[in-house]
Number of protein chains: 2
Amino acid sequence: VSVDWSSGGLDFHLDLHPAEGRRHGLAEAVRRAIRDGRLAAGTRLPSTRALAADLGLARGTVTQAFAELAVEGYLRVRQGAGTVVVGMPGAAQPPRAVPPPSPRPAPRWNLLPGRPDVTLFPTTTWLAASRRALAGAVAADFGYGAPEGHPTLRKALADYLGRTRGVVADPDAILVTSGYSQSLGLLAAVLRDLGEHRVGFENPSNAEFRRVMTWAGGLAEVGIPVDGKGLRVDALAGRRDLGAMVVTPAHQYPLGSTLDPARRAELIEFAHDTDTLIVEDDYDGEFRFDRQPIGALQALAPERVAYAGTSSKTLIPGLRIAWLVLPSRLVEPMRAAKRLADRHVGVIESLTLAEFLAAGHYDQQVRRGRSRYRSRRDRLLGALGQEGITVWPDSAAAGLHIVLPLPEHSPPEEQVLAHLARHAVGVDGLVPHWLGAGSGTGGLVVGYAAPPEHAFGPAVRALITALRLCWR
Amino acid sequence: VSVDWSSGGLDFHLDLHPAEGRRHGLAEAVRRAIRDGRLAAGTRLPSTRALAADLGLARGTVTQAFAELAVEGYLRVRQGAGTVVVGMPGAAQPPRAVPPPSPRPAPRWNLLPGRPDVTLFPTTTWLAASRRALAGAVAADFGYGAPEGHPTLRKALADYLGRTRGVVADPDAILVTSGYSQSLGLLAAVLRDLGEHRVGFENPSNAEFRRVMTWAGGLAEVGIPVDGKGLRVDALAGRRDLGAMVVTPAHQYPLGSTLDPARRAELIEFAHDTDTLIVEDDYDGEFRFDRQPIGALQALAPERVAYAGTSSKTLIPGLRIAWLVLPSRLVEPMRAAKRLADRHVGVIESLTLAEFLAAGHYDQQVRRGRSRYRSRRDRLLGALGQEGITVWPDSAAAGLHIVLPLPEHSPPEEQVLAHLARHAVGVDGLVPHWLGAGSGTGGLVVGYAAPPEHAFGPAVRALITALRLCWR
């Protein structure tokens with residue numbers, strides 16, 4: 001027989017075996033609960049009076065059972081201060097071999113790419129937006145929602161994307177997702193359902209996102225080369241076997257080039273001619289520093305391009321909200337896929353982000369980030385220049401990272417990364433981003449956004465000191 | 001040439017064509033932006049002074065361009081009050097045929113199952129927990145997190161599940177997910193990756209969740225019958241072809257029976273003998289009214305059972321947070337799958353829920369819900385009893401719904417549901433839940449949790465009135 005008791009504001013569940021007698025049964029049930037880890041050390045139990053009432057036992061029975069457990073070392077009873085679980089007396093025996101998480105601790109000098117400075121996140125403003133958003137919410141908002149995302153958020157995103165990125169963004173063409181990984185995974189699953197087998201990626205490109213599409217949709221990856229003008233669109237000529245081609249036109253990841261205007265037009269022509277979906281990963285399109293800003297490719301052909309954006313760089317990765325602006329034919333299948341995957345993005349974050357956008361806080365954050373990252377990029381380039389370290393041409397015009405080619409006399413990338421790690425400097429390598437293991441040249445992908453402001457200068461100095469030792 | 005301008009707190013993107021001349025070029029760029037829907041009606045533009053400075057144009061040029069657009073009906077310029085986008089003059093032409101969402105409006109008398117009373121959600125308490133949680137957060141919490149979920153939340157969930165549901169819950173065995181659908185989908189994908197092809201479901205069982213597993217993992221569904229004692233475990237005898245068997249032991253969905261103690265033991269034996277994973281869907285285990293509460297099946301064999309819980313019934317579905325307590329061997333594969341699916345659950349909701357649990361608010365909500373739903377169940381049973389309407393045996397001991405078998409003289413389920421819909425009463429039918437279309441008996445699945453308190457009485461009366469007309 002199991003008994004739940006609910007007392008002192010906590011619900012408890014105990015397995016009471018009638019055969020064990022009252023006092024002994026209660027004691028043994030508590031012992032089992034502690035042994036199994038269900039009653040954790042530090043948990044404060046209800047008073048013996050409340051417990052006796054809840055369980056229908058005499059108070060003395062409970063007191064005796066507790067005293068027994070205290071003697072055994074399971075509980076600590078303090079007169080007037082309640083009864084607290086001490087834990088397992090004697091040797092503990094975790095019966096299960098559950099693998100502990102292996103957190104990769106951030107390096108002391110964190111120059112890993114793809115991470116914003118999270119200390120820019122305006123917690124107080126966000127909470128205030130949350131309060132306003134929930135004050136304006138109706139009951140229906142809290143139930144199961146629409147897979148495409150809350151209409152208020154889709155409207156706010158459409159306004160923002162049209163205004164700042166030139167995206168042709170009908171709110172009904174937008175799908176709110178739990179991050180760019182999910183955006184890609186859902187596209188992969190829908191492409192698979194539509195009978196596609198292959199997806200094109202820039203070579204090099206982010207290896208993790210390639211893995212997302214191959215895993216989620218069982219699609220085979222095909223690498224298309226890039227150069228200083230972005231994707232080599234000529235290398236696509238005549239290909240009709242790609243369900244989609246994923247590109248980073250604003251700032252090629254990882255090499256950093258910008259897709260040439262003529263190639264933009266050629267890519268759209270290719271999409272029209274071959275009926276290939278273009279997936280535009282606009283992962284850091286908001287952060288462009290030097291040249292004329294470059295609007296989204298999607299504006300050239302909204303029915304050929306799925307535009308993908310994210311809040312991970314402009315706000316924080318921990319928020320897990322991203323968006324797709326979809327060609328009409330993909331809208332319904334993608335809604336169905338999102339519904340099957342996890343129904344929809346949480347309503348509290350959705351309404352808060354909508355309010356944050358509508359109040360202009362999002363634009364403000366983008367400007368704060370742009371200004372901070374521009375200044376950091378300049379400091380980093382200055383420091384590298386003084387040291388005579390070459391930066392990959394074009395990689396510095398935008399975004400949150402630059403690329404350093406390895407000098408001729410450099411040890412291989414793996415050794416350079418290990419050397420930097422020994423100096424507590426974290427950067428990324430180029431090699432894993434090439435399709436076909438080890439097929440491409442090495443280099444360092446250096447992010448300049450991640451450290452908090454006070455740590456940025458020391459991080460750059462640590463990088464340069466370590467590189468000097470490695471490349472001298 | 002594209003130009004972004006950033007002014008008055010907003011970022012704008014315009015395509016300026018140098019060939020068009022300054023004034024004309026600016027006017028045409030704004031026209032295009034409005035025509036494409038990128039500048040929405042109601043958007044307030046920056047002042048001509050700020051805009052001129054940002055674009056490097058004479059102020060008079062901007063003023064003239066705006067005047068031109070005002071004449072054409074694109075803008076409305078009010079002296080001293082700024083310039084506002086009016087919208088497309090003349091006939092509008094949406095160039096894309098984007099399918100609008102088709103929201104299923106909630107029925108006026110909402111007695112659909114699987115939905116809690118969202119008006120119970122304590123918004124203010126939640127926001128206060130959010131504020132406390134964010135005040136205690138460190139920078140690393142806002143970056144990319146661990147796929148298994150934030151350790152603070154996993155610890156709080158382990159305490160809660162051990163204490164209230166008897167789950168053997170090592171925090172490291174917990175995976176936080178974006179809802180039960182995602183929990184199932186990830187399990188299906190991992191089972192597929194492990195070489196499994198089939199998954200067992202109770203027959204009847206929730207059709208939507210079956211679809212999730214077949215979609216996400218490509219698994220074939222196999223129906224195992226249930227009766228008044230829950231799953232017919234004898235029907236599993238000798239089966240070695242199931243990668244997993246999904247069960248609802250606390251309150252069979254939809255029929256409502258409780259898995260018999262002897263069958264619980266037999267099911268675990270079956271799992272041991274055949275190495276089949278049991279998925280325990282504890283969707284409403286917190287809401288048990290009459291009998292002794294029933295702890296989680298998982299406690300009998302933590303290495304054989306994946307325990308699945310959710311906040312959708314205890315808090316709100318819109319939150320999108322659920323959890324799995326996994327056998328050791330599935331912990332790593334499930335972490336990898338979650339990472340590929342969408343990295344991890346958002347940190348703000350995660351830390352807020354952890355704080356909400358630790359402060360005892362979650363227990364309090366469960367008690368409030370239990371008390372409200374028990375009273376509603378009693379009112380519903382009373383009203384049905386007075387009318388002489390039979391309730392499926394055992395379906396009312398727990399949870400948020402009951403089942404009404406169709407009387408012998410009843411029209412078929414589909415007609416009864418249509419009749420109720422005409423009377424604005426929403427309930428669910430049994431037929432879609434049977435595996436193998438149309439193979440099982442009809443019935444009504446009546447939820448009593450969804451309506452706000454003031455609407456519950458009228459909803460019950462509306463149901464009974466409509467049934468009287470249909471079944472007289």
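Every chain is numbered from 1 and lettered A, B, ... according to where its sequence line falls, protein lines coming before strand lines. Remember, it's a predicted structure, so these values are computed and weren't measured experimentally. What's counted below: heavy atoms across the whole structure, side chains too, no hydrogens, waters or symmetry copies.
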Side chain from CB out, backbone as N, CA, C, O: work out which of these in [X] comes under 4.5 Å of a heavy atom of chain A, or both, or neither.
X: B:Tyr144; value: both
X: B:Asp117; value: neither
X: B:Ala33; value: neither
X: B:Leu326; value: backbone
X: B:His150; value: neither

Could you go step by step and tell me if A:Arg320 and B:Glu349 meet the salt bridge (Lys or Arg N to Asp or Glu O under 4.0 Å) rule? CA-CA 10 Å; A:Arg320 309 310 307 135; B:Glu349 306 309 45; over 6 Å; no

Between [X] and chain B, with a heavy-atom cut-off of 4.5 Å, which part of the residue counts as in contact: side chain, backbone, both or neither?
X: A:Ala337; answer: both
X: A:Arg329; answer: neither
X: A:His361; answer: neither
X: A:Ala216; answer: neither

Indicate yes or no: at least one non-hydrogen side-chain atom of B:Pro101 is less than 4.5 angstrom from one of A:Arg154. yes

B:Ala341 to A:Trp215 - nearest heavy-atom pair and separation: N-CZ3, 4.2 Å

